[in-house]
Amino acid sequence: KVPLHNNIAFVHAFLRTLKEFIMSYTYQGTIYSIASPVRSISVNKNNVSVTDRNGTKLISFTSVNDSKSFLAWVYQS
């Protein structure tokens with residue numbers, strides 16, 4: 001029988017692995033890679049700034065609907 005503390009350590013390591021992945025979003029031919037976990041998101045009309053473990057990325061959209069679609073995609077992931 002495996003000690004309980006070994007199982008708990010395994011579960012925590014597994015959950016950490018699940019939380020860390022890279023998402024790719026293509027907008028107007030440009031691929032934006034966002035590494036999880038996302039640390040912060042800032043929105044100003046058509047501009048969205050996303051900060052992840054690799055730094056900050058600024059994505060400029062041509063319409064508010066495009067930025068809202070992107071935010072829905074990020075929140076869903």
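Residues take their numbers from the sequence shown, with the count starting at 1.
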Same cluster (ILVMFWY, side-chain, under 4.5 Å), Phe61 and Val64: no
Single-linkage hydrophobic cluster, 4.5 Å side-chain cutoff, Tyr25 and Tyr75 together: yes
Contacts of type salt bridge (Lys or Arg N to Asp or Glu O under 4.0 Å), residue Lys68, not counting sequence neighbours: none
Phe70 ring center near Tyr27 ring center (under 6.0 Å): no
Under the side-chain contact (heavy atoms from CB on, under 4.5 Å) test, residues paired with Asn47 that sit two or more places apart: Leu58, Ser60
Which atom of Ser67 lies closest to which atom of Lys45, heavy atoms considered: OG-O, 3.5 Å
Separation of Ile59 CD1 from Gln28 CD (nearest 0.5 Å): 11.5 Å
Asp52 CG to Tyr32 OH distance, which is reported to the nearest 0.5 Å: 14.0 Å
Rounded distance [0.5 Å steps], CD1 in Ile34 versus OG1 in Thr51: 10.0 Å
Spacing of OG belonging to Ser63 relative to CG belonging to Asn46, to within rounding of 0.5 Å: 6.5 Å
CA sep, side-chain torsions, deciding dist, call: Ile22, Arg53, side-chain contact (heavy atoms from CB on, under 4.5 Å): CA-CA 10 Å; Ile22 297 176; Arg53 65 178 176 197; 4.1 Å; yes
